[in-house]
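A short worksheet on the structure shown next.
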Amino acid sequence: MRRGSLIQLAAIGLIAGAIATAVALLVPWLPPAGGKEANRIHFVYWFTTVICIGVFAVVAAVLSYSVWKFRVKPDDDSDGPPTHGHTKLEIVWTAVPALLVTAISIVSAIVLAQNSHAGANPLVVKVTAQQFAWTFTYPNGKTYGYLTLPEGRHTKLRITSNDVIHSFWVPELSQKQDAVPGQFNSLVLTPTRTATYPVICTELCGLGHAVMRSHVDIVAAGKFDAWLRSAGQPSGSPGLAVFQQNGCGGCHTLKSAGANGMVGPDLDKLKQEAAKANRGPLAAFIHESIVKPDAYLEPGYKNLMPPNFGTQIPADKLAQLVQYLAGQAK
Ligand code: CUA
């Protein structure tokens with residue numbers, strides 16, 4: 001190959017590589033990494049992307065150069081010269097990609113192993129998914145409708161489901177993990193900055209899938225210990241705690257509970273809804289709506305309530321919840 005041709009080939013390759021690099025760098029493909037695992041996954045992503053850009057530049061250069069230089073002349077209907085391939089070239093274009101793919105595999109395997117390592121003393125939080133809410137249970141037995149994690153400490157989530165398959169995902173912390181009924185799947189998170197991120201269900205799980213969201217508050221380690229000691233003390237009514245522990249706010253709006261779910265009826269309008277339903281005293285109507293949700297449906301809503309609240313929520317807690325909701329109905 002002549003020197004001039006090589007320079008042309010290299011120039012095309014550099015331009016193609018520069019365009020691909022601009023697309024990679026100028027578009028914000030990934031959310032900012034909020035944890036150690038996310039940092040490692042981002043590293044794998046960029047490691048792979050750099051290799052891909054290199055391969056793309058070489059292929060684009062050879063392809064464009066060939067189309068440009070070896071284009072058939074007008075009215076030239078003759079066959080091209082017979083060629084028998086090029087053994088050295090074929091060895092190179094087999095060996096180099098093989099090496100690159102092997103490198104990506106090794107880096108990925110190391111990151112996967114590191115990301116599932118929870119250290120000697122992780123905080124263990126049980127995560128329960130159900131249509132359409134998340135609940136989080138801490139080692140002290142307290143349960144919340146949102147997740148609070150300490151910064152800089154390994155947390156091992158043990159993820160399960162009460163009904164269908166869901167999937168736990170915090171985009172800024174990377175990694176997804178399925179929530180499967182009857183088993184516990186682990187996910188290790190090590191947040192590196194204090195922030196609030198969304199918790200998203202990322203497995204189609206029914207009509208309320210798109211709104212099956214919660215959030216994770218990442219707080220300084222010292223603040224977390226204080227929170228764990230103090231949180232769950234009856235800050236409002238015990239009924240409010242039951243409301244939060246069962247993830248009711250995932251689907252319902254109730255201002256006093258800070259809930260703004262849109263899947264189920266608006267509980268701030270409970271009194272009007274109960275009057276419309278005309279099914280006896282308010283408390284009895286609320287109780288029935290929780291344990292036998294299909295007995296009466298507010299017009300415009302489908303029955304998406306978990307069918308097992310009657311057995312899942314202990315009777316005394318259920319009474320507190322009914323009392324709390326009846327008290328909110330103005
Ligand atoms: Cu739960 Cu989608």
Side-chain angles (χ1 to χ4, degrees), residues 30-31 34-35 37-38 41 115-116 124-138 142-149 155-189 191 195-218 241-254 257-267 289-294 297-298 300-313 321:
L30 299 171
E37 295 77 18
I41 288 172
N115 278 4
S116 57
V124 178
V125 180
K126 183 186 164 198
V127 178
T128 309
Q130 70 176 37
Q131 292 169 320
F132 297 97
W134 296 100
T135 48
F136 306 95
T137 306
Y138 285 79
K142 289 171 185 163
T143 299
Y144 304 89
Y146 60 92
L147 184 58
T148 303
L149 293 181
T155 297
K156 186 172 190 170
L157 302 181
R158 300 188 70 239
I159 303 170
T160 190
S161 167
N162 281 346
D163 38 41
V164 300
I165 299 176
H166 306 262
S167 183
F168 176 94
W169 185 37
V170 176
E172 288 83 354
L173 300 178
S174 295
Q175 307 180 99
K176 298 171 177 179
Q177 183 58 276
D178 279 0
V180 181
Q183 74 182 53
F184 286 91
N185 292 341
S186 290
L187 187 67
V188 177
L189 300 176
T196 298
Y197 299 132
V199 172
I200 295 171
C201 178
T202 175
E203 181 86 51
L204 185 60
C205 57
L207 271 179
H209 161 68
V211 292
M212 186 170 163
R213 289 175 177 232
S214 177
H215 64 269
V216 50
D217 286 328
I218 296 155
V242 182
F243 183 89
Q244 285 165 340
Q245 286 159 6
N246 288 282
C248 306
C251 291
H252 295 282
T253 290
L254 185 60
N260 47 19
M262 301 289 281
V263 174
D266 183 343
L267 298 180
S289 299
I290 297 171
V291 301
K292 261 171 55 186
D294 55 355
L297 292 181
E298 168 73 7
Y301 290 93
K302 293 194 170 68
N303 177 20
L304 297 174
M305 281 277 281
N308 54 353
F309 273 158
T311 49
Q312 184 183 311
I313 306 176
L321 178 60

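All ligand and atom numbering here is 1-based and tracks the order in the structure.
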Mark yes or no for whether Asn185, through its side chain, and Gln177, through its backbone, hold a donor-acceptor pair below 3.5 Å. no
Does some side-chain heavy atom of [Y] sit less than 4.5 Å from a side-chain heavy atom of [X]?
X      : Y      : answer
Thr160 : Phe184 : yes
Phe132 : Cys205 : yes
Glu37  : Leu187 : no

Rounded to 10°, the ND1/His209 to atom 2 (Cu) of ligand 1 to SG/Cys201 angle comes out at 120°
Here the N/O/S atom of Glu203 closest to atom 2 (Cu) of ligand 1 would be O
Here the N/O/S atom of His166 closest to atom 1 (Cu) of ligand 1 would be ND1
- Under 2.8 Å: N/O/S of Met212 next to atom 1 (Cu) of ligand 1: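 Met212 does place an N, O or S atom closer than 2.8 Å to atom 1 (Cu) of ligand 1.
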